[in-house]
Amino acid sequence: MSFRAGCFTYPVLLIGLTGGIGAGKSVVADRLAVLGAVLVDADVVARDVVEPGTEGLRAVATAFGPEVLRADGALDRPALAARVFGDPEARRVLELIIHPLVRTRTAELIAAARPDAVVVNDVPLLVETGLAPAYHLVLVVDADERLRVGRLVRDRGMTPAEAHARIRAQAHHDARAAAADVLLVNDGTKPELLARVDALWRDRIVPYEANLRHGRVVQPDPEAEPVAYDPTWPAQYDRLAARIRHALGDSAGRVDHVGSTAIPGRPAPDVIDIQLGVRRTEATEALAPALRAAGFVGGESRVDAGGPKWLFGGADPARAVRVHVREEGSAGWRRALLLRDWLRGDPAAVDVAAGDVEDGPRVAAAVEQAERWAAATGWRP
């Protein structure tokens, strides 16, 4: 279900939850449901779409034969698992049957949520299947492998060798961490984990939902002092840019990390500036609904020193972000890239905001220096 803010219909806040086996994902999912989230469990949905009498079960039986059915007509899961285990082609056939049905049913459950809902989609293979950009926020539950093995042995009766094999068959820790907007490390006690989930719900998720529902931009503090360079800024940009590309699909133009946080090693205000190139700025009105649905709200038409642009902002209270939509090849589009690349490439370059290129003597002087550098180096956008 979606709802209106101004003249635009916003979606519910959609959170992707994942984590390796034995990390504690189910504990987090249960707590979020207690706090008020609508929980959509991918494993439960995958079972539901092959219940007796469903299209899914009929398709599976047609593809794999009556031997994957029990005497009562229900799916014989061990028999099906034996058929697809170690057979990539059989597994692909099964996925082609199940995955579209799961996506359709998941969409129906999300659409049925109340207007102010927070929907948590619990997806064990979220990272492996490349689904992260489809969510407003991705939560990853992780834990040290030794602890995970111990939990699997204690709680699920696995041998240590079986536990290690299950863990290593899933996405690596680094891949999950790269996809995570929030990494919940479950190396302590259960009460400690629950306290972190409660704080996340209170301080980030609830205000994020309200901001998205009302189309409220989280404004950067104009008086904030620059902070030390954060080496996670590029990865944060990557996740945000992936959401933009996912939301816009074939309509997405060039997406770039610009602004002060795009300059490695330099202190900067803690704001991720993103430049989205479009063929014509007038086309932004057609793209705006998809950007807003992805969590980049607002959408204000402006004219700065480089010409016209549209400015969108983030709704996530924990991450200030600005999306500058400019016509590719325009003076403003080129200037943002020039200032960024000059600041990256010339150690003697003075510090100046490289994304929001408003006019002023300091910016004008920096642009003159950058143009000389571009001429000397043969720089092109």
Side-chain angles (χ1 to χ4, degrees), residues 11-45 106 109-110 113 116-145 147-148 151 167 170-213 218 232 235-243 246-247 272 294-295 314-319 321:
V12 296
L13 181 69
L14 185 57
I15 294 175
L17 172 65
T18 194
I21 187 169
K25 176 175 62 65
S26 297
V27 174
V28 173
D30 291 345
R31 187 62 165 194
L32 289 169
V34 167
L35 291 169
V38 175
L39 184 62
V40 179
D41 188 322
D43 283 343
V44 172
V45 174
T106 297
L109 293 171
I110 293 170
D116 60 347
V118 172
V119 176
V120 175
N121 193 188
D122 181 345
V123 186
L125 300 182
L126 185 151
V127 174
E128 291 88 335
T129 52
L131 292 174
Y135 299 94
H136 294 111
L137 203 65
V138 171
L139 312 186
V140 173
V141 187
D142 199 12
D144 181 82
E145 186 168 326
L147 289 175
R148 293 168 63 189
R151 291 166 185 164
I167 288 171
Q170 296 182 329
H172 188 269
H173 161 84
D174 292 346
R176 283 204 184 89
D181 297 294
V182 178
L183 186 64
L184 292 168
V185 179
N186 181 24
D187 284 353
T189 65
K190 182 176 179 180
E192 288 171 340
L193 177 62
L194 295 179
R196 286 196 290 275
V197 175
D198 291 352
L200 175 66
W201 177 266
R202 179 187 66 243
D203 299 336
R204 188 169 187 178
I205 293 175
V206 169
Y208 194 169
E209 184 282 320
N211 289 341
L212 182 63
R213 177 157 40 98
V218 175
T232 71
Q236 292 183 52
Y237 157 76
D238 287 341
R239 290 193 294 272
L240 294 164
R243 289 191 178 107
H246 176 82
I272 303 295
D316 181 355
R319 167 38 57 214
V321 57

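Along the sequence shown, residues are numbered consecutively beginning with 1.
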Exercise for the section: Compare every heavy atom of Ala179 with every heavy atom of Val127, then report the nearest pair and how far apart it is. Expected result: CG2-CB, 3.9 Å
Problem - Min side-chain heavy-atom separation Asp316-His136 under 4.5 Å - result: no
Problem - Donor-acceptor contact below 3.5 Å, side chain Arg243 vs main chain Tyr135 - result: yes
Practice task
Of all the heavy-atom pairs spanning Pro317 and Asp203, show the shortest one and how long it is.
Solution key: CG-O, 4.1 Å
Exercise for the section: Spell out, as yes or no, whether a donor-acceptor pair under 3.5 Å connects the side chain of Arg213 to the backbone of Asp116. Expected result: no
Handout entry: Which atom of Ile205 lies closest to which atom of Leu13, heavy atoms considered
Key = O-CD2, 3.7 Å
Practice task
Give a yes or no on whether the backbone of Val138 and the side-chain of Asp181 come within a donor-acceptor separation of less than 3.5 Å.
Solution key: yes
Practice task
Determine whether His173 and Glu145 make a side-chain contact, defined as any pair of heavy atoms from C-beta on separated by less than 4.5 Å.
Solution key: no
Exercise for the section: Working to the nearest 0.5 Å, report the span between CG of Asp30 and CG of Asp41. Expected result: 9.0 Å
Handout entry: Under 3.5 Å donor-acceptor, Asn186 side chain and Ala143 backbone
Key = no
Handout entry: Backbone N/O of Glu192 and side chain of Thr189: donor-acceptor pair under 3.5 Å
Key = yes
Exercise for the section: List the atom of Arg148, the atom of Ile21, and the distance in Å for their closest heavy-atom pair. Expected result: NE-O, 2.9 Å
Handout entry: Side-chain donor/acceptor of Thr18 to backbone N/O of Val140, under 3.5 Å
Key = no
Fill in the blank from the handout: Closest non-hydrogen contact found for Leu126 with Gly16 is CD1-CA, 3.7 Å
Practice task
List the atom of Gly295, the atom of Leu212, and the distance in Å for their closest heavy-atom pair.
Solution key: CA-CD1, 4.1 Å
Handout entry: Flag side-chain contact, heavy atom, 4.5 Å: Asp142 against Leu183
Key = yes
Handout entry: Donor-acceptor contact present, side-chain Arg196 to main-chain Val185, <3.5 Å
Key = yes
